[in-house]
Amino acid sequence: HFPGSEAFSWEIPSIRPAGKTADNTASSRPQVLYFWATWCAPCRTTSPAVELLHSDAKGRVDVIAVSSEKRDVIETFVAKGGTTLTPRSS
């Protein structure tokens, strides 16, 4: 979609905060969906820039990390300090 156009609808379960669901109506701010995996080598290269965007644009842009990995794999990675993003498991 292009700036000013209506975004497509989406909804995914959340890990942080636990038990919540994230969707495109959760915020009026622009949203960046970052598709990643704990095992992904290119993600390790890209993630620092995404982390910086998450930190610098906090409150103006929502950066949401999306992974298809199992919840326990993502939770272990997050607990070890692997990301400051809000991982979502599809």
Subject >> Distance in Å, E69 CD paired with E75 CD, rounded so as to fall on 0.5 Å steps >> reply: 12.0 Å
**OP:** Would you sort out whether Y34 and S47 count as a side-chain hydrogen bond (donor to acceptor under 3.5 Å, both in side chains), showing the intermediate values?
**Re:** CA-CA 9 Å; Y34 175 53; S47 289; 2.8 Å; yes
Subject >> Shortest non-hydrogen contact from A37 toward S67 >> reply: CA-OG, 4.2 Å
**OP:** Drop me the distance from K80's NZ to T38's OG1, to the nearest 0.5 angstrom.
**Re:** 10.0 Å
Original post:
When hydrophobic residues are tied together by side-chain contacts of less than 4.5 Å, even through go-betweens, does L52 share a cluster with V63?
Top reply: no
Original post:
Quick one: are F35 and C43 in side-chain contact, heavy atoms under 4.5 Å?
Top reply: no
Subject >> Approximate separation, where rounding is to 0.5 Å, of R60 CZ and L53 CG >> reply: 9.0 Å
Original post:
Going from NE2 on H54 to CD1 on I64, what distance comes out if it is rounded to the nearest 0.5 angstrom?
Top reply: 9.5 Å
**OP:** Could you walk me through whether F77 and W36 pass ring-ring contact (aromatic ring centres under 6.0 Å, His included), step by step?
**Re:** CA-CA 12 Å; F77 183 78; W36 71 288; 5.3 Å; yes
Subject >> Heavy-atom side-chain proximity of D62 to Q31 below 4.5 angstrom >> reply: yes
